[in-house]
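The structure appears below as structure tokens.
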Amino acid sequence: MEIILKEDVVNLGYKNDIVTVKSGYGRNYLIPTGKAIIASPSAKKMLAEDLKQRAHKLEKIKKDAEAMAAKLEGVSLTIATKVSSTGTIFGSVSNIQIAEALAKLGHEIDRKTIVVKDAVKEVGSYKAIVKLHKEVSVEIPFEVVAE
């Protein structure tokens with residue numbers, strides 16, 4: 001089933017994208033929660049007209065994301081956590097701790113846009129990806145050290 005997303009959905013698509021999903025996911029979750037609408041021919045025409053009118057706004061949003069990416073380009077983080085004697089972390093380092101570390105440096109980033117590929121459960125160097133826009137993302141290196 002084809003749907004038009006009304007907002008960004010993680011691992012599916014971005015606002016105003018036309019995506020194909022299984023009908024149960026669309027009818028039971030996306031449409032009732034207001035995250036999507038059915039992509040009928042009239043809805044597609046409305047979307048095309050709306051995108052044409054908002055093209056300059058979308059370009060400004062992309063430029064803002066690129067400016068933020070330029071600010072984040074040289075940033076590297078050090079996150080201190082409690083560590084056992086074997087070097088394993090109690091718990092794990094997640095996108096929340098990375099967002100807090102970026103906030104301390106003066107970069108307000110929504111934690112939902114930060115992606116950490118593997119679970120960080122040991123001391124060492126890792127990389128996180130910050131998705132600022134559907135076409136703009138930044139890789140931020142971070143190091144986990146003992147507290």
Side-chain angles (χ1 to χ4, degrees), residues 1-22 24-40 43-83 88-147:
M1 121 183 264
E2 276 194 328
I3 57 169
I4 300 171
L5 296 176
K6 291 173 125 181
E7 61 185 60
D8 295 351
V9 179
V10 179
N11 295 330
L12 184 59
Y14 297 95
K15 182 177 180 178
N16 295 328
D17 283 352
I18 298 175
V19 294
T20 304
V21 296
K22 295 200 176 199
Y25 183 50
R27 292 189 195 284
N28 296 327
Y29 176 67
L30 294 172
I31 294 170
T33 57
K35 295 179 187 275
I37 57 172
I38 295 175
S40 63
K44 288 180 183 179
K45 286 180 186 175
M46 287 176 46
L47 175 66
E49 183 64 30
D50 187 40
L51 288 177
K52 191 167 78 171
Q53 291 177 0
R54 293 184 338 129
H56 67 282
K57 289 181 187 177
L58 295 175
E59 189 63 34
K60 182 186 180 310
I61 291 170
K62 184 177 177 186
K63 285 195 188 309
D64 290 345
E66 288 172 346
M68 180 61 85
K71 288 181 187 175
L72 291 173
E73 197 63 43
V75 174
S76 64
L77 304 172
T78 302
I79 299 174
T81 59
K82 293 185 179 181
V83 178
T88 357
I89 297 172
F90 294 118
S92 66
V93 175
S94 66
N95 56 353
I96 298 170
Q97 286 92 343
I98 296 169
E100 289 171 353
L102 285 170
K104 287 179 185 174
L105 295 176
H107 304 289
E108 289 298 322
I109 303 292
D110 184 20
R111 68 180 176 87
K112 295 175 186 169
T113 62
I114 300 172
V115 178
V116 181
K117 292 279 184 194
D118 300 319
V120 180
K121 295 189 178 268
E122 292 182 357
V123 174
S125 297
Y126 299 94
K127 292 188 180 190
I129 298 172
V130 180
K131 295 182 179 182
L132 299 169
H133 185 267
K134 65 181 172 182
E135 298 170 6
V136 180
S137 62
V138 179
E139 198 171 84
I140 297 179
F142 66 97
E143 187 170 352
V144 179
V145 296
E147 192 172 69

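Just so you know, these numbers come straight off a predicted model, no measurement behind them.
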Side-chain touch [X]/[Y], heavy atoms, less than 4.5 angstrom:
X	Y	result
Asp17	Lys134	yes
Ile79	Val120	no
Thr20	Glu2	yes
Lys35	Tyr29	yes
Lys6	Leu30	no
Leu77	Leu105	yes
Val9	Val19	no
Gln53	Glu49	yes

Over 12 foreign heavy atoms within 6.0 Å of NZ, Lys127:
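It does not: Lys127 NZ has 12 such atoms or fewer within range.
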
Quick check for you: to the nearest 0.5 Å, what is the distance between [X] atom [atom1] and [Y] atom [atom2]?
X	Y	atom1	atom2	result
Lys45	Leu47	NZ	CG	13.0 Å
Thr78	Glu143	OG1	CD	5.5 Å
His133	Lys131	NE2	NZ	13.5 Å
Glu135	Tyr14	CD	OH	9.5 Å
Glu7	Leu12	CD	CG	11.0 Å

(request) Determine the sole option in Val144, Val123, Val145 for which the side chain to side chain contact (heavy atoms under 4.5 Å, CB included) test with Thr81 is passed. (result)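 Among Val144, Val123, Val145, the one meeting side chain to side chain contact (heavy atoms under 4.5 Å, CB included) with Thr81 is Val144.
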
From the options Ile98, Leu102, Ile129, select the one residue that forms a side chain to side chain contact (heavy atoms under 4.5 Å, CB included) with Ile140.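 Running side chain to side chain contact (heavy atoms under 4.5 Å, CB included) over Ile98, Leu102, Ile129 with Ile140 returns exactly one hit, Leu102.
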
Exercise: identify the closest heavy-atom pair between [X] and [Y]:
X	Y	answer
Val136	Ala69	CG1-CB, 3.8 Å
Ala128	Val116	CB-CG2, 4.2 Å
Thr88	Glu122	CG2-CG, 4.2 Å
Pro32	Gly26	CD-O, 3.9 Å
Lys44	Ala39	CE-O, 3.6 Å
Ile31	Met1	CD1-CE, 4.2 Å

Report the C-alpha distance between Val93 and Tyr126 in whole Å, list the side-chain angles of each, state the deciding distance to 0.1 Å, and finish with yes or no for side chain to side chain contact (heavy atoms under 4.5 Å, CB included).
-> CA-CA 10 Å; Val93 175; Tyr126 299 94; over 6 Å; no

Exercise. Does the pair Lys112/Asp8 count as a salt bridge with the N-to-O cut at 4.0 Å?
Worked result: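 Result for this pair is no, no salt bridge flagged.
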
Looking only at atom types and distance, does a side-chain atom of Asp50 sit under 3.5 Å from a main-chain N or O of Met46, one as donor and one as acceptor?
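Looks like no, no N/O pair under 3.5 Å.
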
Is there a donor-acceptor contact under 3.5 Å from the side chain of Asn95 to the main chain of Arg111?
->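 Looks like yes, one N/O pair under 3.5 Å.
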
Exercise for review: Kindly indicate, with the supporting measurements, whether the criterion side chain to side chain contact (heavy atoms under 4.5 Å, CB included) is fulfilled by Met68 and Ile109.
Suggested key: CA-CA 10 Å; Met68 180 61 85; Ile109 303 292; 4.2 Å; yes

